[in-house]
Amino acid sequence: DTGVSQNPRHKITKRGQNVTFRCDPISEHNRLYWYRQTLGQGPEFLTYFQNEAQLEKSRLLSDRFSAERPKGSFSTLEIQRTEQGDSAMYLCASSLEHKARDTQYFGPGTRLTVL
Amino acid sequence: SQQGEEDPQALSIQEGENATMNCSYKTSINNLQWYRQNSGRGLVHLILIRSNEREKHSGRLRVTLDTSKKSSSLLITASRAADTASYFCATDGAAGNKLTFGGGTRVLVKP
């Protein structure tokens, strides 16, 4: 399977704990995006990388959230001191920079439940 | 914040019928994309239409774009039970940047 993969698929944690998610993009894609989706809503942008550089962060990304893409390949998203409001599906997408179009391909998501 | 709004929010049709959903957005775009999402799963890319295009086809899908009205429509012809899903439009306002999604249309195709 050469698509975007995410691990874990599900995570249940207690409030106050830290969690880390991983995203492996399509191998030749240089752009990687994180989105968050709550029930019944469309995904909302969190942040994106071009290679290893984090180029944009949403104001949704509070200081409890940090994302890295150390070698320009896989990325991690860490949430510290989780809150119940962090419960959501966290989606990763990747794309290949192109002048004319920039189709983003999504992974299956990590569903986070904070108790 | 959500850029676009899909209309209707929910749609129920019989297998074999056509399904049409609309998307409106607020700011200038480079591209508009449609995605499908089955319950609790990731998003599957369906089709991308560029801002200088007016219509695109892919299999049973037909997408139109009217930039003067800031709106797009997705038509699924001869629907199948497997088309049951949520459909989202997403816009990007700058090359390679973030997608801004609407709230989605939940489509139920009854066999």
Side-chain angles (χ1 to χ4, degrees), chain A residues 1 3-7 9-10 21 23 25-26 29-51 53-61 88-113, chain B residues 1-10 21 23-27 29-53 56 58 63 65 72 74 85-107:
Chain A
D1 188 348
V4 178
S5 62
Q6 293 186 245
N7 287 288
R9 296 290 307 277
H10 303 272
F21 310 141
C23 171
I26 294 171
H29 285 185
N30 59 345
R31 288 184 168 158
L32 187 148
Y33 305 77
W34 286 97
Y35 294 84
R36 183 174 71 185
Q37 184 180 24
T38 53
L39 198 63
Q41 301 296 313
E44 293 180 293
F45 170 79
L46 292 178
T47 188
Y48 98 97
F49 294 83
Q50 179 152 321
N51 300 311
Q54 188 174 16
L55 296 187
E56 186 173 349
K57 293 195 290 186
S58 163
R59 55 186 166 79
L60 291 175
L61 214 66
M89 174 80 89
Y90 290 84
L91 295 162
C92 175
S94 70
S95 70
L96 181 64
E97 181 184 6
H98 189 281
K99 288 183 180 179
R101 60 193 63 210
D102 191 12
T103 299
Q104 293 183 27
Y105 296 93
F106 282 78
T110 294
R111 181 168 296 284
L112 173 66
T113 302
Chain B
S1 62
Q2 308 269 285
Q3 147 92 302
E5 293 184 2
E6 274 95 338
D7 171 52
Q9 291 187 338
M21 59 210 84
C23 165
S24 60
Y25 56 92
K26 298 174 184 175
T27 60
I29 62 170
N30 284 333
N31 304 305
L32 186 143
Q33 302 183 56
W34 284 91
Y35 288 84
R36 184 186 74 225
Q37 185 177 38
N38 292 88
S39 181
R41 310 286 286 274
L43 284 86
V44 174
H45 183 260
L46 296 177
I47 198 164
L48 179 150
I49 187 166
R50 295 161 58 182
S51 59
N52 62 354
E53 297 175 320
K56 280 191 84 168
S58 176
V63 169
L65 178 64
S72 174
L74 171 66
S86 291
Y87 292 82
F88 295 92
C89 70
T91 57
D92 66 76
N97 265 349
K98 61 186 180 185
L99 292 178
T100 305
F101 286 82
T105 294
R106 280 154 283 284
V107 175

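We name chains A, B, ... by the order of the sequence lines, and we start the count at 1 in each one.
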Identify the heavy atoms of A:L91 and B:G42 that sit nearest to each other, and give their distance.
CD2-CA, 4.2 Å

To check you understand the geometry: which heavy-atom pair defines the closest contact between B:K98 and A:F45, and what is its length?
CB-CD1, 3.2 Å

Between B:Q37 and A:Q37, does any side-chain donor sit less than 3.5 Å from a side-chain acceptor?
yes

Can you give me the closest heavy-atom contact between B:Q33 and A:T103, atom names plus distance?
OE1-CA, 3.7 Å

Pick one of side chain, backbone, both or neither for B:Q9, based on which atoms fall under 4.5 Å of a heavy atom in chain A.
neither

Return yes if some donor-acceptor pair links the side-chain N/O of A:Y35 with the main-chain N/O of B:L99 below 3.5 Å, else return no.
yes

